[in-house]
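This report concerns only the one structure given below.
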Amino acid sequence: MSSFPQLVFSGVQPTGNFHLGNYLGALVKFVEMQDRFDCIYCVVDLHAITVAQSPIELRKHIREVTAAFIASGIDAEKHIVFNQSQVSEHAELAWVFNCIARLGWLNRMTQFKEKAGKDRENASVGLYAYPTLMAADILIYRATHVPVGEDQKQHLELTRDVAQKFNNDYSQSIAHCGFGDAFFPLPEPVIQGPATRVMSLRDGAKKMSKSDPSDYSRINLTDDADQIAQKVRKAKTDPDALPSEIAGLAGRPEADNLVGIFAALQGTSREDVLREFGGKNFSGFKSALVEVAVTKLAPVGAEMKRLQSDHAYIDGILRRGAERASRLAAKNMAAVKDILGFVR
Ligand code: AQP
């Protein structure tokens, strides 16, 4: 298959309660990858409206996520940071992909089943078609690498299926238009590290999530030192001491989760954490976890709060990023139209 220049794309929804799972599962990797790749990081506001949003809150959350990107260390001069709705080619390519993807593929998506719940008939068409828009977000830039949390793995597989089917269905036209044997790369998910699936602090079987009604289930990036300390101290655990080996975490989801969070925040492995805390009880471990969490997160949260109130600064980043993204997206969309046989 043709080779493609390496390019990173990922997105975060502006749906409020930006939490530790989003930070460790996505943002930390966004920052790491920016030294090695050209990167495009997107605030995916079109995805946010697949469920009801208040316009005032949505505007606030778009700025909040952008501020989180910058406060975490993403360089918006070197890389591209923008919000999805400012680049119309995302929605345009999503329509093309709605005509490529099969109903059977979308029917298998577990995120739709979870989010639609029992009231499936009342879910929006947008929520159902979410994965084809996500495929368009990535493929409109012909991106090759996508850093995400574990929960997005299935959507990434669908993105690869869409790219592969487009390349197959239009192979002759792709060659005729001068793009060799494939127009779209098959993007690689980048799901690595000790915290690819951070769990709720109240229930080790549930993912830490923005929409959990209990604020004690998650650490928000904007929580101050006291709130972080309270949430860690109240986090659910079991009565046993911490094990010295990874195998000892089996069947102990809450302990496993806190060890993973500690390792990710400290930049070490779970093995190292257990080497230090194996045999000790949770109260000492939680105190150490509070210390590392406050040291790591409180400065990011404070900077995020400062930046998000500077609307002119944040909106300027998004506008300039959108101009740069639009140039890339327009070129690729024009090629897709030629491949499909549209007259332009
Ligand atoms: N708990 C998590 N652990 C690790 N990574 C996670 N991500 C989300 N939750 C966790 C990753 O964060 C990135 C941005 O996610 P998103 O904004 O697309 O939202 P989401 O996955 O819908 O986030 P939530 O918290 O799970 O929201 P709700 O409650 O609405 O379902 C993605 O890379 C995601 O993998």
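Atoms within each ligand, like the ligands themselves, are counted from 1 in listed order. Keep in mind that this is a model prediction, so the values were computed, not measured. One-based numbering along the sequence shown.
- Atoms of ligand 1 found under 4.0 Å from any heavy atom of G25, numbered from 1 in the order shown, are 4 (C), 5 (N).
- F184 pairs in a ring-ring contact (aromatic ring centres under 6.0 Å, His included) with only one of the listed residues (Y170, F97, F179, F4), which is F97.
- Residue V148 approaches ligand 1 through these ligand atoms, each under 4.0 Å from one of its heavy atoms: 33 (O).
- On a distance-only criterion, V12 and ligand 1 share no N/O pair closer than 3.5 Å.
- Taking only nitrogen or oxygen atoms, main chain and side chain alike, M208 reaches within less than 3.5 Å of ligand 1.
- Of the N or O atoms in G21, one or more lie within a sub-3.5 Å distance of an N or O in ligand 1.
- Atom 23 (O) of ligand 1 has N22 ND2, 3.8 Å as its closest protein atom, hydrogens excluded (heavy atom only).
- Nearest protein heavy-atom contact of atom 13 (C) of ligand 1 is A26 CB, 3.7 Å.
- Donor-acceptor pairing under 3.5 Å is lacking for the side chains of E188 and T144.
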*salt bridge (charged side-chain N to carboxylate O under 4.0 Å, His left out) between R270 and D256, worked out*: CA-CA 9 Å; R270 301 156 100 84; D256 192 15; 2.2 Å; yes
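- Of the polar atoms of K207, at least one N or O is found under 3.5 Å from an N or O of ligand 1, judged by distance alone.
- Counting the atoms of ligand 1 from 1 in the order shown, those under 4.0 Å from a heavy atom of Q13 are 16 (P), 17 (O), 18 (O), 19 (O), 22 (O).
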*asked:* Could you go through K207 and D151, starting from their C-alpha distance and side-chain angles, then the distance that decides it, and tell me whether this counts as salt bridge (charged side-chain N to carboxylate O under 4.0 Å, His left out)?
replied: CA-CA 9 Å; K207 191 183 85 145; D151 59 328; 2.8 Å; yes
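- Salt bridge R63/D315: present, at least one basic N to carboxylate O contact under 4.0 Å.
- The backbone and the side chain of S211 each have at least one atom closer than 4.0 Å to an atom of ligand 1 (non-hydrogen atoms only).
- Distances from ligand 1 to the non-hydrogen atoms of D151 include at least one value under 4.0 Å.
- You'll find the ring centres of H155 and F112 outside the 6.0 Å limit.
- The distance criterion of under 3.5 Å between nitrogen or oxygen atoms is met by V198 with respect to ligand 1.
- Proximity of H19 to ligand 1 is established by a heavy-atom distance of less than 4.0 Å.
- If you check each of E150, K115, Q111, K210 against atom 22 (O) of ligand 1, the one with the closest non-hydrogen atom is K115.
- Of all the heavy atoms of V44, none lies under 4.0 Å from any atom of ligand 1, so neither backbone nor side chain is involved.
- Geometrically, R324 does not engage F82 in a cation-pi contact, judged by NZ or CZ lying under 6.0 Å from the ring centre and within 45° of the ring axis.
- Protein heavy atom nearest atom 33 (O) of ligand 1, with residue, atom name and distance: G149 N, 3.2 Å.
- The main-chain N or O of R218 is found under 3.5 Å from a side-chain atom of K231 such that the two form a donor-acceptor pair.
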*Would K29 and E32 satisfy salt bridge (charged side-chain N to carboxylate O under 4.0 Å, His left out), going step by step from the backbone distance to the final call?*
CA-CA 5 Å; K29 274 180 286 181; E32 265 168 31; over 6 Å; no
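- Between F262 and F285, the gap from one ring centroid to the other is short of 6.0 Å.
- Counting atoms of ligand 1 from 1 in the listed order, those under 4.0 Å from a heavy atom of Q152 are 21 (O), 35 (O).
- Remark: the backbone N or O of Q34 is paired with a side-chain donor or acceptor of H79 at under 3.5 angstrom.
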